[in-house]
Protein chains: 2
Amino acid sequence: MSSEWIEHAEARLAEAGYRRGGARRAVIELLAAGHCAMTAAEIEERLRESGRRVGRASVYRTLEQLDALNLVTRLDVGQGTARYEVALPSGDHHHHLVCDRCGRVEPFEDPELEATIERISRRVTAFHVGEHDVVLHGECARCAG
Amino acid sequence: MSSEWIEHAEARLAEAGYRRGGARRAVIELLAAGHCAMTAAEIEERLRESGRRVGRASVYRTLEQLDALNLVTRLDVGQGTARYEVALPSGDHHHHLVCDRCGRVEPFEDPELEATIERISRRVTAFHVGEHDVVLHGECARCAG
DNA sequence: ATCTTTGCAAAATGTTTGCATTGGT
DNA sequence: ACCAATGCAAACATTTTGCAAAGAT
C-alpha cells in the first residue's frame, strides 16, 4: 500500500534524531495500512487484535511525533476524539464526510475546493496559513435509513 | 448586537418545551454578544467576571440544547476543546483561522468557498450533508513574529 | 555504556451525569 | 403543586506525564 510512506516516515524520524522502536514502528505500519483517519483508541485496539500489544502512551507519543514532523495529519471531527491519518509527501490529501449519528468518517476529494482554499490562504495576511481541514457533517446512507 | 438572535433562540426553546431559566439566559446573552467561537471554559469565566456566576454543568447543558436546536454551531479546532458560536437563522456563516501556537481563533468569509462546498454537498450521494466546517491552521502574525 | 523508547500507573483536562435544591408555570 | 432548570460533586473519557525497565546505538 503506502509502504513508501513508511520508508519516508522512518527516514524523517532518523533525521530528526529519533532512535528506532517497536511500538512506534507498529503504529506507523498500521497507519500506512489504514485507509482513513483513525483514533488513538482504534489504533491501540487494532494493534492488540493483531497480536502486537502497544501501550496507550506510546500510541499517543508516536502520533504526536509524527504530527510534529508533518508525517500525519490530525483531524478533529467533533466527537471529542482526535483522528490521525497518513500525510503523503506529495501534499495530496482529501477531506472528510462525518456522520454525526454513528461517527462514520469517509474521505472525499475535490480539486476546485483545494484551489479555492489555496487562493484564500494566500489572501489572508493576518495569518501564515499551513494545513487546512474541511469537514462536511451529515448523515450517512445507513443512518438516514 | 444580534439581539434578534436572542429572541429567536428563546422562541425556539419555548416551542421545544423548555422553561425559562437564568443560567441559560445568561449563556445565550453572552453568546449573542460574542464575536466568535467561545469554549465552555471561556463562557463560564466571562460570566463569572461579569458577576453572573453560572454552574459549569449549566453551561454545557445549555450549549448542548442550543446545538440540538441548531441555534449554535459547534466547532472543533483541534485543541481538545469544543467551541460554540451563534448560528444565524439566515444560514449566513463564516469559517475559521486557527493559530496552532497560541490557540487564537479568527473568522473569515468567502462566497466562492461556500458555493464550492454547496456543489460538493449536492454531489455526494452516500451522505446527506448538513453543516460544514472549514478550518485553516497556521500561525497568527503575533506568533509568527 | 549511554541515552531513548516503552509500558504502566497516576495525573491532568474536558465533558457528562446523579441528585438535592431552586425556580418557573 | 408540579416539574423543569440549576449547581454541586462525582463520574467519565481522552490525553498527558512521571518513572522504572527494556531496548537501540
Side-chain angles (χ1 to χ4, degrees), chain A residues 9-30 37-48 51-69 71-72 74-84 100 103 105, chain B residues 9-31 37-48 51-69 71-72 74-84 98 100 103 105:
Chain A
E10 293 283 16
R12 288 289 151 82
L13 285 163
E15 274 172 34
Y18 290 102
R19 289 187 184 175
R20 285 147 162 272
R24 180 163 54 220
R25 177 75 189 198
V27 172
I28 288 173
E29 286 178 1
L30 181 60
M38 282 184 281
T39 64
E42 283 165 6
I43 291 169
E44 190 189 2
E45 186 185 1
R46 291 181 56 175
L47 286 174
R48 178 167 30 220
R52 180 60 177 88
R53 212 193 147 94
V54 167
R56 182 166 314 164
S58 297
V59 173
Y60 280 105
R61 277 189 284 237
T62 296
L63 292 172
E64 187 186 353
Q65 293 159 355
L66 294 175
D67 191 30
L69 295 173
L71 294 167
V72 297
R74 180 183 181 141
L75 170 74
D76 287 85
V77 297
Q79 261 94 243
T81 65
R83 287 175 176 272
Y84 295 83
D100 291 328
V105 176
Chain B
E10 293 283 17
R12 289 289 152 81
L13 285 162
E15 276 172 32
Y18 290 103
R19 290 188 185 174
R20 284 146 161 275
R24 181 162 55 221
R25 177 74 190 199
V27 172
I28 288 173
E29 287 179 0
L30 180 60
L31 284 167
M38 281 185 281
T39 64
E42 283 166 5
I43 291 170
E44 191 189 0
E45 185 185 2
R46 290 181 56 174
L47 287 174
R48 179 167 31 219
R52 181 60 177 86
R53 212 192 145 93
V54 167
R56 182 167 313 164
S58 296
V59 173
Y60 280 105
R61 276 189 286 238
T62 296
L63 292 171
E64 187 185 353
Q65 292 159 356
L66 295 175
D67 191 31
L69 295 173
L71 294 167
V72 297
R74 181 184 181 143
L75 169 74
D76 287 85
V77 297
Q79 262 94 241
T81 64
R83 288 176 175 270
Y84 296 83
V98 177
D100 290 329
V105 176

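We name chains A, B, ... by the order of the sequence lines, and we start the count at 1 in each one.
Distances shown here put a side-chain N or O of B:Tyr60 below 4.0 Å from the OP1 or OP2 atom of C:dT15. Distances shown here put a side-chain N or O of B:Ser58 below 4.0 Å from the OP1 or OP2 atom of D:dG7.
Here the CG atom belonging to A:Leu30 is positioned 4.0 Å from the CE atom belonging to A:Met38, to the nearest 0.5 angstrom. A distance of 11.5 Å separates CG in B:Leu71 from CG in B:Leu63, rounded to the nearest 0.5 Å. Atoms CZ and OG, on B:Arg53 and B:Ser58 in that order, are 11.5 Å from each other to the nearest 0.5 Å. Distance check: A:Glu64 CD to A:Tyr84 OH gives 8.0 Å after rounding to the nearest 0.5 Å.
Backbone-only contact: A:Ala82 has heavy atoms under 4.0 Å from sugar-phosphate atoms and none from a base. Using a 4.0 Å heavy-atom criterion, one finds that A:Arg56 contacts the bases of the nucleic acid, with or without backbone contacts as well.
As a whole-Å value, the separation of A:Arg83 CZ from D:dT15 P is 11 Å. Rounded to whole Å, atom P of D:dA5 lies 15 Å from atom CG of B:Leu63. Remark: C1' of D:dG7 and CZ of B:Arg24 are 15 Å apart, rounded to the nearest angstrom. Atom P of nucleotide C:dA12 and atom CD of B:Gln79 are separated by 21 Å, given to the nearest angstrom. One interatomic measurement links the two molecules: CD1 of A:Ile28 to P of C:dT5, which rounds to 12 Å at whole-angstrom precision. Protein atom CZ of B:Arg48 is 16 Å distant from nucleotide atom C1' of D:dT6, rounded to whole Å. In this entry the distance linking CZ of B:Arg53 with P of D:dA5 reads 22 Å, nearest Å. Atom CD in A:Glu10 sits about 12 Å away from atom P in C:dT5, given to the nearest Å.
A:Arg61 has its side chain out of reach of A:Arg24: every pair of non-hydrogen atoms, C-beta onward, lies at least 4.5 Å apart. Residues B:Asp100 and B:Gln79 have side chains in contact (heavy-atom distance under 4.5 Å, counting atoms from C-beta outward).
With the end axes of the helix from C:dA1-D:dT25 to C:dT25-D:dA1 each set by five pairs, the angle from one to the other reads 30° at 10° resolution.
Between B:Arg25 and B:Glu29, at least one side-chain nitrogen of the basic residue sits less than 4.0 Å from a carboxylate oxygen of the acidic one, meeting the salt-bridge criterion. Electrostatic pairing of B:Arg20 and B:Glu10 does not count as a salt bridge here, judged by no charged N lying under 4.0 Å from a carboxylate O. A salt bridge links A:Arg12 to A:Glu15: at least one charged side-chain nitrogen sits closer than 4.0 Å to a carboxylate oxygen.
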Letter per nucleotide, 5' to 3', of nucleotides 18-25 of chain D [B base touched, S only sugar-phosphate touched, - untouched; heavy atoms, 4.0 Å]: B----BBS

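The residue among B:Thr81 and A:Ala23 whose nearest nucleotide of DNA chain C is located toward the 5' end is A:Ala23.
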